[in-house]
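All remarks here apply to the structure that follows.
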Amino acid sequence: MKRTLLLTVSLLFSLLLTAAEVPQIGNIPGRRTVSLNGAWNYIVDVQEEGYYDYRMKPTPWGFFRNAKPQDPKDLIEYDFDKSAEMPIPSDWNTRDPRLFFYEGTVWFKKSFRFSPEKGRRTLLYFGAVNYDARVWVNGEEAGHHIGGFTPFNFDVTDLLREGDNFVIVKVDNKRHPEDVPTQIFDWWNYGGITRDVLLVDVAETYIENYSLQLDPKDPGKLHFSVRLDKALPGQRIRLRIPELGIDREAVTGADGTAVLDIPAKPVRWSPSHPKLYAVELSLGGETLRDDIGFRTIETRGRQILLNGEPIFLKGISMHEEKAFGGGRANSTADAATLLDWAKELGCNFVRLAHYPHNEYTVREAERRGILVWSEIPVYWTIAWENPDTYRNAAGQLKDMIARDHNRANVIIWSIANETPHSPQRDRFLGDLAQYAKALDDTRLISMAMEVTSASNYHNKLQDNMNEYVDVVSFNQYIGWYRDVDDAPKMTWEIPYEKPVIVSEFGGGAKAGLHGSKDERWTEEFQENLYLQNTAMLDKIEGLSGTTPWILKDFRSPRRVLDGIQDYYNRKGLVSDDGQKKKAFRVLQQWYKTK
Ligand code: GCB
């Protein structure tokens, strides 16, 4: 009885409180934020006892209530405040030895003090949570989000109160066939709150997002567009770029958006001169700052043109894993080590595989003059016919673009990796490619494809999706999944007048294992594979870049060979403890010739 009454009162109360996922807010580093990073309590919940009752119905008495006994007789079988702590952001697999292989639900709780300010709103922002996140603030639901690598935010203004507050997040990283990525993928399914958690302080009306870049059709102009969080006309947004002498005002129309075209001749951002301009956007006495670079990117026949000049993309693929050992990377320092290795290789380009990486990596790459390929985890065989899967993939694409569309170094949005040919897949990817263009028609679209062999030594790249992409990219593993001696015999036919990127090639080696070039897993085997492959690639007409697989050994549950793999994919040029393998030098030398 007591319970029922309590429940009715609390349900009534919750009707008065509202929270909602609101569109992703742009330029998080430029906002007024309070970090909720740090120690969070966590409870491992294998059977989701904290969410479902014993009939598998969601229970109103879930862990999100953070209940405490009111009477010594009360039965409450969890207590966040007595549970262990984990630093956030992180992944649970490397933070708790019991959770190394764990895929399931973990609950997290953070307490914090807060003081609401009249006329201000508060968004609760997550850089990423892998994979399924349900969020409550002070026991009330704030929202639900799926997708492990993109930011999301809830407006929690009405849920916060003066003084003590708490946020509880139920994170579930179980894999399902309809998910993006799907049930199988060659990387570690790191679970947890893997990126920053922030409270973002915004005005009642705020700048939700904006875009500022050279107009690709007329690079003598900057094109600026801005969107408020609501459809409010007559709002004045001041745009200043002091170094260019720009000080202009944009006034919103009925839909809460505004655009400006501004004649300007900024120094172009490029790998050799990664120039960024300080930009200020002001609305109602509040200023949002950013650092933005200006460049053009386009294709002409089989060439990629950066600022109108042909460029060869000397790239490397990388996963979002810490430089030393495994674990999700999420800091400027993590990004710096990985990107410095890429620089040492001679790279001007990285493929951030196979999902959007954290914002630190993209911004650090931009500062270092490293171009970026960014992709969504539409990987291998996903559920092409499931409309929810499509919505999920499209949502991740939209959020990836919304976060990084002002980064000068991001030049390619990739929408898929190694997908099998079928009419259903063609429909899915065709729609996704068109959606990507509709969201951002100023960058290049690609996807990593598979080679179709016309005969034993003749490779033809035949894929209906080539109609949609600006850059034709494919993965090939001659020397690893096929004999290395085939490399000199290979001929390539790419029947499209488009630039070509070899988005993967490579093979495994255990750092420190030496032997003959014919002995698999030795550094010499990998070294020879790189020598043969680079010589072969030199013969591909229209080759505009490569992103060999991969910068560093990375954890994968599919790589089980004891003593060699030990749950690491060993195709790295650098080992998981930072040793450079012999093939590193081969690629470095080859890039000197490009
Ligand atoms: C691929 C995949 C990549 C794998 C790699 C491998 O083609 O795109 O995710 O890790 O091969 O090592 O087999």
Side-chain angles (χ1 to χ4, degrees), residues 130 148-149 175 179-190 315-321 326 328-329 338 350-357 373-382 393 396 412 414-421 425 429 446-453 459 461 463 465 469 471-484 500-511 520-521 523 525-526 529-530 533 537 545-561 564-576 581 583-584 587:
N130 191 36
F149 304 98
R175 292 167 290 116
D179 288 350
V180 183
T182 183
Q183 257 174 320
I184 56 167
F185 42 90
D186 189 18
W187 68 86
W188 208 265
N189 186 22
Y190 289 118
I316 189 74
S317 297
M318 53 192 263
H319 265 294
E320 188 185 65
E321 213 176 66
R328 270 275 167 262
L338 297 167
V350 286
R351 175 182 178 204
L352 301 182
H354 281 298
Y355 38 77
H357 286 212
W373 155 312
S374 189
E375 79 189 59
I376 51 169
V378 174
Y379 182 92
W380 293 352
T381 307
I382 70 163
Q396 296 192 43
I412 295 176
S414 171
I415 61 168
N417 180 76
E418 286 186 353
T419 52
H421 298 188
R425 167 267 200 181
L429 292 184
S446 196
M447 62 182 87
M449 297 173 185
E450 288 175 335
V451 175
T452 45
S453 285
N459 297 289
L461 203 77
D463 193 316
M465 292 299 95
V469 297
V471 176
V472 173
S473 308
F474 63 91
N475 301 345
Q476 65 80 18
Y477 278 92
I478 292 159
W480 191 253
Y481 298 125
R482 186 170 173 168
D483 197 343
V484 76
V500 176
I501 292 181
V502 174
S503 35
E504 284 177 35
F505 72 91
K510 169 108 170 146
R520 204 176 277 263
W521 304 114
E523 288 197 31
F525 186 99
Q526 192 193 38
L529 183 153
Y530 267 76
N533 269 271
L537 295 178
T546 60
T547 49
W549 195 254
I550 185 170
L551 181 62
K552 186 196 79 88
D553 292 353
F554 61 97
R555 279 219 171 100
S556 168
R558 301 173 71 81
R559 308 295 173 173
V560 298
L561 181 62
I564 298 281
Q565 293 178 313
D566 302 316
Y567 297 108
Y568 274 97
N569 182 317
R570 294 287 179 203
K571 296 190 187 70
L573 294 175
V574 181
S575 70
D576 57 293
K581 305 179 196 173
F584 187 99
L587 188 64

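Counting starts at 1 for both ligands and their atoms, in listed order.
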Return the residue, atom name and 0.1 Å-rounded distance of the protein heavy atom closest to [atom].
{"atom": "atom 4 (C) of ligand 1", "result": "D186 OD2, 3.2 Å"}
{"atom": "atom 7 (O) of ligand 1", "result": "E418 OE2, 2.3 Å"}
{"atom": "atom 2 (C) of ligand 1", "result": "E504 OE1, 3.2 Å"}
{"atom": "atom 13 (O) of ligand 1", "result": "Y481 OH, 2.5 Å"}
{"atom": "atom 5 (C) of ligand 1", "result": "Y477 OH, 3.4 Å"}
{"atom": "atom 12 (O) of ligand 1", "result": "K571 NZ, 2.6 Å"}

- request: Taking the six-membered ring for Trp and the full ring for Phe, Tyr or His, determine whether the centres of F149 and H357 are under 6.0 Å apart.
  value: no
Would [X] count as a contact of ligand 1 if the rule is a heavy atom under 4.0 Å away?
{"X": "R559", "result": "yes"}
{"X": "Y379", "result": "yes"}
{"X": "F185", "result": "no"}

field: Positive for salt bridge (charged side-chain N to carboxylate O under 4.0 Å, His left out) with R559, one of D553, D186, D576, D566
entry: D186
statement: Looking only at heavy atoms, the pair that brings R328 and W187 closest together is NH2-CD1, 3.9 Å
- prompt: Which ligand 1 atoms does F554 reach within 4.0 Å, using its non-hydrogen atoms?
  reply: 10 (O)
statement: If we number the atoms of ligand 1 from 1 as shown, the ones under 4.0 Å from a heavy atom of N475 are 7 (O), 8 (O)
statement: With sequence neighbours left out, the residues meeting side chain to side chain donor-acceptor pair (under 3.5 Å) with S446 are S473
Backbone of [Y] reached by a side-chain donor or acceptor of [X] within 3.5 Å:
{"X": "E320", "Y": "P356", "answer": "no"}
{"X": "Y568", "Y": "G326", "answer": "yes"}
{"X": "S317", "Y": "T547", "answer": "yes"}
{"X": "T546", "Y": "P548", "answer": "no"}
{"X": "R570", "Y": "A511", "answer": "no"}

query: Quick check: does H354 get an N/O under 3.5 Å from an N/O on ligand 1?
result: yes
field: I550 contact mode with ligand 1 (heavy-atom cut-off under 4.0 Å)
entry: neither
